[in-house]
Protein chains: 2
Amino acid sequence: MTRASLTREEVLLAAGSLVRRHGPAALTMRALAAELGTAVTSIYWHVGNRESLLDALVERTVEELGEIEPRGHTPAARVMSVARTLRRELRTRPHLIAMVHERGLTERMFLPAQQALVHEMHAAGLRGARAAQAVRAVQFQVVGYVLVERNRERAPLQRPAEEELWHAAAAEQDPALARALGTPVDQDRLFDDSVKALVAGLLVDPRA
Amino acid sequence: MTRASLTREEVLLAAGSLVRRHGPAALTMRALAAELGTAVTSIYWHVGNRESLLDALVERTVEELGEIEPRGHTPAARVMSVARTLRRELRTRPHLIAMVHERGLTERMFLPAQQALVHEMHAAGLRGARAAQAVRAVQFQVVGYVLVERNRERAPLQRPAEEELWHAAAAEQDPALARALGTPVDQDRLFDDSVKALVAGLLVDPRA
DNA sequence: ACCTGAACACCGTTCAAGT
DNA sequence: ACCTGAACACCGTTCAAGT
């Protein structure tokens with residue numbers, strides 16, 4: 001199996017596939033060369049070095065995070081839909097999220113979403129610094145949630161923690177609370193509830 | 001300079017100091033051995049290998065995150081104080097936070113705080129599954145915020161993003177909003193505002 | 001029980017030499 | 001313009017040999 005000639009695009013595709021399948025640690029220059037059927041050093045001609053190869057993958061991911069189309073009849077509902085879309089998009093690229101996070105580019109990735117949020121907060125009647133703060137609060141909330149959630153999913157057993165919590169709750173004499181804390185988190189519902197609560201808190205009339 | 005004999009404690013202290021000063025990447029077995037004035041292989045006898053050395057450091061950090069003492073006159077105020085304490089504690093150990101996060105132990109680290117939150121939510125009148133959900137919402141919010149915040153601080157210049165946002169806001173004909181979004185985030189205030197908004201949203205009477 | 005140096009199998013990267 | 005293999009300076013880890 002011969003190749004016409006190696007291209008930068010081929011390198012990026014193979015590297016992206018490797019990362020998506022096995023994570024960034026599996027992306028060694030030697031493994032990538034083997035996958036491409038070339039000498040290790042050829043890769044350097046096309047992408048410089050490993051660091052800038054990863055940069056290029058991250059850049060591509062940021063671009064792929066397409067336009068956001070808010071849906072719903074109220075600003076609060078549309079903010080929810082933006083938040084849900086973001087979360088869904090992020091969850092399909094776990095390794096690449098982590099890489100974007102490591103590189104400190106989370107914010108840039110969220111730019112389209114931020115613009116949608118600006119629009120919705122304005123529609124909800126928020127103005128000036130207060131609207132800006134609300135946009136940022138939702139942004140931090142969603143990004144943070146996805147980071148924590150991913151952390152949870154990778155986490156090893158955390159039984160002792162859950163057990164102890166259970167006891168703390170039992171001490172409050174609230175068996176329903178204790179039971180709820182002993183149950184695994186329903187992450188979809190917790191996400192919805194949290195964002196809804198935050199948005200409700202943000203949209204409260206400050207003169208009320 | 002001779003030593004009586006190398007101890008596990010010495011190894012952990014030197015390793016912790018290295019990580020605190022220069023991050024986990026700087027913790028190579030050879031560098032650590034040089035710091036300790038021993039052969040590289042001696043370290044293996046005391047801590048097994050690099051992975052379990054890092055595990056031990058993380059474990060120690062989790063333990064150091066001491067008891068939480070909620071302050072304030074209302075449940076909402078005490079939840080805020082728990083959130084602020086957590087954030088402060090986490091911010092003084094940036095590299096170690098990242099390591100705890102990588103290992104998926106964030107939740108275990110938050111156990112004492114969770115117990116305090118259970119108490120406060122109960123005091124605020126929340127019961128059963130709803131109280132559990134509120135505890136978790138605050139936990140996710142605080143952890144997520146600190147992760148995002150740390151990401152922001154490590155981030156390179158993100159000027160293009162800020163500029164574009166500024167324009168999006170200008171399109172809404174709200175110069176004050178545009179100005180606010182062009183200004184760097186006041187992270188202390190955003191944290192307070194976000195947690196306050198979330199707690200307000202969570203404590204709203206559902207029958208209202 | 002504790003420490004050692006040599007050796008192994010991996011890395012990313014450079015570079016002179018090829019076509 | 002593009003590709004190559006050899007070589008370099010790093011890794012973490014194993015192990016037989018010392019005391």
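Just the heavy atoms: all of them, side chains too, but no hydrogens, waters or symmetry mates, feed the values below.
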Stems field, DNA chain C, Watson-Crick or wobble, 3.5 Å, at least 3 pairs, by first number, holds C:4-8 with D:12-16, C:12-16 with D:4-8
May I ask you to decide if A/S52's main-chain N or O and A/N49's side chain share a donor-acceptor pair within less than 3.5 Å?
yes
Side chain of A/N49 - closest among D/dG12, C/dT13, C/dA1:
C/dT13
Using a strict cut-off of less than 4.0 Å between a Lys/Arg side-chain nitrogen and an Asp/Glu carboxylate oxygen, indicate whether A/D193 and B/R136 qualify as a salt bridge.
no
Between B/L53 (CG) and D/dG12 (P), how many Å, whole number?
10 Å
Side chain to side chain contact (heavy atoms under 4.5 Å, CB included) between B/M99 and B/H101, intermediate numbers included:
CA-CA 5 Å; B/M99 285 170 57; B/H101 180 58; over 6 Å; no
Just how far, in rounded Å, is C1' of D/dC10 from CG of B/L32?
17 Å
Distance, rounded to the nearest Å, where B/R8 contributes CZ and C/dA1 contributes C1'
16 Å
At under 4.0 Å between heavy atoms, what does A/T28 touch on the DNA or RNA strands: base, sugar-phosphate, or nothing?
sugar-phosphate
Hey, does the Lys NZ or Arg CZ of A/R84 hover above the aromatic six-ring of A/F191, less than 6.0 Å from the centre and inside 45° of the axis?
no
Between D/dC15 (P) and B/I43 (CD1): distance, integer Å
19 Å
Quick one: does A/S194's side chain have a donor or acceptor within less than 3.5 Å of a partner on A/L190's backbone?
yes
Check the distance between D/dA1's C1' and A/L6's CG and give it to me in whole angstrom.
13 Å
Rounded to the Å, how far apart are B/E51 CD and D/dC11 C1'?
14 Å
Closest nucleotide of DNA chain D for A/A39 versus for B/M29: which of these residues is on the 5' side?
A/A39
What is the distance, rounded to the nearest whole Å, between atom CH2 of B/W45 and atom P of C/dT4?
13 Å
Hey, does B/E149 have a side-chain heavy atom less than 4.5 Å from the side chain of B/R91?
yes
Could you pull out the closest heavy-atom pair between A/R130 and A/L202, with the gap in Å?
NH2-O, 3.0 Å
Distance criterion of 3.5 Å, no angle test: do you see the side chain of B/T41 paired donor-to-acceptor with the base of C/dG5?
yes
At under 4.0 Å between heavy atoms, what does A/L27 touch on the DNA or RNA strands: base, sugar-phosphate, or nothing?
sugar-phosphate
Go through C/dG12, C/dC3, D/dC3 for me and flag the one nearest to the A/R30 side chain.
C/dG12
What integer distance in Å separates A/Y44:OH from D/dG5:P?
15 Å
Quick note, A/H46 side chain, CB onward, closest among C/dG5, D/dC3, C/dC3 is D/dC3
